[in-house]
Amino acid sequence: MTDPRDELVEHLGAMRAFAISLTRNTATADDLVQDTLVKAWTNFDKFEQGSNMRAWLFTILRNTYYSLRRKRRREVEDADGIMAESLSQKPDHDGRLNMRDFNVAFEQLNDEQREALILVGAGGFSYEEAAETCGVKVGTIKSRVNRGRARLAELMNMDEDEPMEITDVVTAGIVAQQSHA
């Protein structure tokens, strides 16, 4: 008795023609035929000897086609990668490296700038509250905050308008360009 797998080759041309008629695309049709052959090969134990091999293969091909169609209807086209990028997550170590760089730079600021940045940025104080706490005028606090932020950007080799990715809320508050009037 002959192995039914030997008969597969005889049906390739007809399978490809059928796949092209379904997909209207030769590359997709070739993929569909290949998927069909893989499924048939791995499921030959389910093929009944003496039955119609061509009908069995065409049924697998047709079912594979409609399964792929249903799957593609549920998928979102993302050719430019915008959707995938929105789902991606930066590695945690980036935040730790930024944090280490920030700490080194922050320690190089003078005491007045650090104090002003901590009060206004991290503490959430208004400029008026920070000025009262330090016993100085509001303009002095504003100046210390602005000079401190500019110095941090310089020490960290950043443009002043370049956003810094910080994982720590307190540090983000210190670096943020927010105005507390």
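These numbers come from a predicted model, not from an experiment.
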**Message:** Within the structure provided, determine whether L68 and D35 are in side-chain contact (heavy-atom separation under 4.5 Å).
**Reply:** yes
**Request:** Check whether any side-chain N or O of R114 sits under 3.5 Å from a backbone N or O of L109 as a donor-acceptor pair, and report yes or no.
**Result:** yes
**Prompt:** What pair of heavy atoms forms the shortest contact from S21 to R24, and how long is it?
**Reply:** O-CG, 4.2 Å
**Asked** Do L155 and F106 touch side chain to side chain, with heavy atoms closer than 4.5 Å?
**Response** no
Using residues 129-140 as the side-chain source, report each donor-acceptor pair under 3.5 Å to any protein atom, sequence neighbours left out, with the distance given to one decimal.
from, atom 1, to, atom 2, distance (Å)
E129, OE1, S126, N, 2.8
E129, OE1, S126, OG, 3.4
T133, OG1, E129, O, 2.8

**Message:** Counting only heavy atoms not in R62 (residues, nucleotides, ligands), do more than 12 fall under 6.0 Å from its CZ?
**Reply:** no
**Request:** Walk me through it: do T28 and I20 pass the test side chain to side chain contact (heavy atoms under 4.5 Å, CB included)?
**Result:** CA-CA 8 Å; T28 306; I20 290 172; over 6 Å; no
**Prompt:** Does atom CD of E10 have more than 12 heavy-atom neighbours, drawn from other residues, nucleotides or ligands, at distances under 6.0 Å?
**Reply:** yes
**Message:** Testing the basics here: between L57 and A40, what is the closest heavy-atom pair and its distance to 0.1 Å?
**Reply:** CD2-CB, 3.6 Å
**Message:** Run the salt bridge (Lys or Arg N to Asp or Glu O under 4.0 Å) test against D31 and tell me which residues pass, sequence neighbours left out.
**Reply:** none
**Asked** So, for R16 and V33, which heavy atoms are closest and what is the spacing to 0.1 Å?
**Response** CA-CG2, 3.7 Å
**Asked** For the side chain of N110 and the backbone of Q113, is there at least one donor-acceptor N/O pair under 3.5 Å apart?
**Response** yes
**Message:** Per the ring-ring contact (aromatic ring centres under 6.0 Å, His included) rule, what does the pair list look like for residues 6-38, sequence neighbours excluded?
**Reply:** F18-F58
**Request:** Write down the atom of N43, the atom of W56, and the distance for their closest heavy-atom approach.
**Result:** O-CZ2, 3.7 Å
